[in-house]
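Written out below as structure tokens is the structure these notes cover.
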Amino acid sequence: MTAPLIAFRSVSRVYGRGEAEVRALDGVDLTIARGEFVAIMGASGSGKSTAMNIIGCLDRPTAGQHLFQGVDAGALDQDARALLRRHFLGFIFQGFNLLPRTTALENVELPLIYKGLPAAERRDRARAALARVGLSGREGHDPSQLSGGQQQRVAIARALAGDPQVILADEPTGNLDTHRSREILGLLAQLNADEGLTIVMVTHEDDMAAFARRLVVFSDGRLVQDGPAAAGAGGGAR
């Protein structure tokens with residue numbers, strides 16, 4: 001059988017010692033297959049952000065295994081984990097994280113520089129990624145000339161340009177109003193449905209989670225719910 005794209009095998013993450021010990025994750029088992037759109041929810045301190053950091057190779061388990069395409073990512077050294085992030089993962093953040101005096105095209109090109117791609121290929125990939133998110137014609141605009149929704153589309157294009165295996169979205173609509181939030185989640189759902197892009201998203205909003213196909217809920221470091229996302233106005237489980 002083909003290995004899942006992402007797997008947790010009895011993953012625990014403990015911070016501190018003795019009376020100061022915090023068990024952020026406690027023996028979590030989780031698998032995510034290629035092509036899924038998974039929403040991760042939970043109250044503050046539930047473990048959802050820790051789980052996302054481990055999936056994104058920004059942290060590693062204290063115990064258990066985090067597997068990426070069958071490889072124990074938690075056992076890799078810092079340089080190997082950085083390469084994994086660079087070549088296989090795309091990140092979308094709540095705060096957009098765009099360079100303010102840099103055009104949309106240049107913002108999208110930036111991670112491709114770190115991948116060592118030639119300038120012409122970087123430019124072509126960045127233009128294509130902006131077209132995929134509906135921003136053709138906005139390549140020369142800097143962030144101050146774009147709406148919040150357009151800025152997040154640039155951030156999505158930046159994540160897409162590296163041709164990642166999975167997109168990790170951390171509260172991607174947290175800085176947007178309801179209309180623009182639905183616009184961005186609709187775009188992610190379309191990329192998942194039309195292109196089979198694997199998406200893992202942390203959100204605290206039920207109506208945004210309804211755009212996903214699957215809902216995973218954490219509480220006190222444990223996985224307490226895992227099943228189809230509730231159908232909502234945005235689409236939900238299909």
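The analysis underlying the following values was restricted to heavy atoms, covering all of them including side chains, and did not include hydrogens, waters or symmetry mates.
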Contacts under 3.5 angstrom, residues 106-116 side chains, donor-acceptor by atom type, not counting sequence neighbours:
{"from": "E106", "atom 1": "OE1", "to": "T103", "atom 2": "N", "distance (Å)": "3.1"}
{"from": "E106", "atom 1": "OE1", "to": "T103", "atom 2": "OG1", "distance (Å)": "3.2"}
{"from": "N107", "atom 1": "OD1", "to": "L99", "atom 2": "N", "distance (Å)": "2.8"}
{"from": "N107", "atom 1": "ND2", "to": "L99", "atom 2": "O", "distance (Å)": "3.3"}
{"from": "N107", "atom 1": "ND2", "to": "T102", "atom 2": "O", "distance (Å)": "3.0"}
{"from": "N107", "atom 1": "ND2", "to": "T103", "atom 2": "O", "distance (Å)": "3.1"}
{"from": "E109", "atom 1": "OE2", "to": "R123", "atom 2": "NE", "distance (Å)": "2.7"}
{"from": "E109", "atom 1": "OE2", "to": "R123", "atom 2": "NH2", "distance (Å)": "3.0"}
{"from": "K115", "atom 1": "NZ", "to": "G162", "atom 2": "O", "distance (Å)": "2.9"}

Quick one: list whatever passes side-chain hydrogen bond (donor to acceptor under 3.5 Å, both in side chains) with Q145, sequence neighbours left out. none

Does any part of the side chain of L168, heavy atoms only, come nearer than 4.5 Å to the side chain of M201, both counted from C-beta? no

Pairwise distance CG(L185) to CG(L176) - rounded to 0.5 angstrom: 9.5 Å

Decide yes or no for P164 and I167: does some side-chain heavy atom of the first lie under 4.5 Å from some side-chain heavy atom of the second? yes

Path from V202 to F93 over hydrophobic side-chain contacts below 4.5 Å: yes

For residues 190-201, which residue pairs qualify under salt bridge (Lys or Arg N to Asp or Glu O under 4.0 Å), counting only residues two or more places apart or in two chains? R132-E195

Tell me, do T173 and E205 make a side-chain contact under 4.5 Å, heavy atoms counted? yes

What one should report as the nearest heavy-atom pair of L89 and G56 is CD1-O, 3.7 Å

All salt bridge (Lys or Arg N to Asp or Glu O under 4.0 Å) counterparts of D26, not counting sequence neighbours: R23, R222

Less than 4.5 Å apart, any side-chain heavy atom of S10 and any of D29? yes

Could you work out, with side-chain hydrogen bond (donor to acceptor under 3.5 Å, both in side chains) as the rule, every residue matching R86, not counting sequence neighbours? none

Counting N and O atoms only, with roles assigned by atom type, does the side chain of E139 sit under 3.5 Å from a partner on the main chain of G137, one being a donor and the other an acceptor? yes

Kindly indicate whether the side chain of L25, heavy atoms from C-beta on, has any atom under 4.5 Å from the side chain of F218. yes

Let me confirm one number: the CZ-CD1 distance from F68 to I54, rounded to the nearest 0.5 Å. 15.0 Å

Check whether any side-chain heavy atom of N175 sits under 4.5 Å from a side-chain heavy atom of F96, and report yes or no. yes

Please confirm whether the backbone N or O of G42 pairs with a side-chain atom of K48, one donor and one acceptor, at under 3.5 Å? yes

Are L160 and L197 close enough, and set up right, to give a side chain to side chain contact (heavy atoms under 4.5 Å, CB included), and what steps lead you there? CA-CA 10 Å; L160 292 172; L197 183 65; 3.5 Å; yes

Tell me whether the count of non-hydrogen atoms from other residues, nucleotides or ligands lying under 6.0 Å of CG in D220 goes above 12. no

Closest non-hydrogen atom pair, M52 against D170: CE-N, 4.3 Å

Between CG of N53 and NE2 of H66, what distance do you get to the nearest 0.5 Å? 11.0 Å

Exam field: side chain R81 to backbone C57, donor-acceptor pair closer than 3.5 Å: yes

Among all residues two or more places apart in sequence or in another chain, which pass the salt bridge (Lys or Arg N to Asp or Glu O under 4.0 Å) test with E36? R214

Intermediate values then yes/no, side chain to side chain contact (heavy atoms under 4.5 Å, CB included), V166 and L5: CA-CA 9 Å; V166 57; L5 183 61; 4.2 Å; yes

Just jot down the salt bridge (Lys or Arg N to Asp or Glu O under 4.0 Å) partners of R13, sequence neighbours excluded, or say none. D59

With sequence neighbours left out, what residues match A80 under side-chain contact (heavy atoms from CB on, under 4.5 Å)? L76, D77

Before you tell me yes or no, could you show the steps for Q225 and L215 under side chain to side chain contact (heavy atoms under 4.5 Å, CB included), namely the whole-Å CA-CA distance, both residues' side-chain angles and the distance that decides it to 0.1 Å? CA-CA 7 Å; Q225 181 181 336; L215 176 63; 3.6 Å; yes

Pairing residues for S44 by the side-chain hydrogen bond (donor to acceptor under 3.5 Å, both in side chains) criterion, not counting sequence neighbours: none

Kindly indicate whether the side chain of R101, heavy atoms from C-beta on, has any atom under 4.5 Å from the side chain of D142. no

State yes or no: do V28 and I40 share one hydrophobic cluster built from I, L, V, M, F, W and Y residues joined by side-chain heavy-atom distances below 4.5 Å, directly or via other members? yes

Straight-line distance of I92 CD1 to I184 CD1, nearest 0.5 Å: 8.5 Å

Mark yes or no for whether N192, through its side chain, and I199, through its backbone, hold a donor-acceptor pair below 3.5 Å. no

For the side chain of T62 and the backbone of V14, is there at least one donor-acceptor N/O pair under 3.5 Å apart? yes

On a heavy-atom basis, the closest approach of A51 and F8 is O-CZ, 3.7 Å

To check you understand the geometry: which heavy-atom pair defines the closest contact between S12 and G27, and what is its length? OG-N, 2.9 Å

Going from CE on M41 to OG on S219, what distance comes out if it is rounded to the nearest 0.5 angstrom? 12.5 Å

Spatial distance of atom CZ (F88) from atom CD (Q165) [nearest 0.5 Å]: 6.5 Å

Under 4.5 Å between side-chain heavy atoms, counting indirect links through other Ile/Leu/Val/Met/Phe/Trp/Tyr residues: same cluster for V38 and L188 or not? no

Results of salt bridge (Lys or Arg N to Asp or Glu O under 4.0 Å) for R125 - residues two or more places apart only: E121

Closest non-hydrogen atom pair between R60 and G74, with its separation: NH1-O, 2.9 Å

Is there a side-chain contact between L58 and F91, using heavy atoms and a 4.5 Å cut-off? yes

So does S147 get a backbone contact from the side chain of Q150, meaning a donor-acceptor N/O pair under 3.5 Å? yes

Which heavy atom of A209 sits nearest a heavy atom of A229, and at what distance? O-CB, 3.7 Å

Sequence neighbours excluded, every pair satisfying salt bridge (Lys or Arg N to Asp or Glu O under 4.0 Å) that has a member inside residues 152-169: R153-E183

Just do the side chain to side chain contact (heavy atoms under 4.5 Å, CB included) check on R138 and L130 with the steps written out, would you? CA-CA 8 Å; R138 298 287 200 281; L130 286 167; over 6 Å; no

According to side-chain hydrogen bond (donor to acceptor under 3.5 Å, both in side chains), who are the partners of D177, at least two apart in sequence or on a separate chain? R180

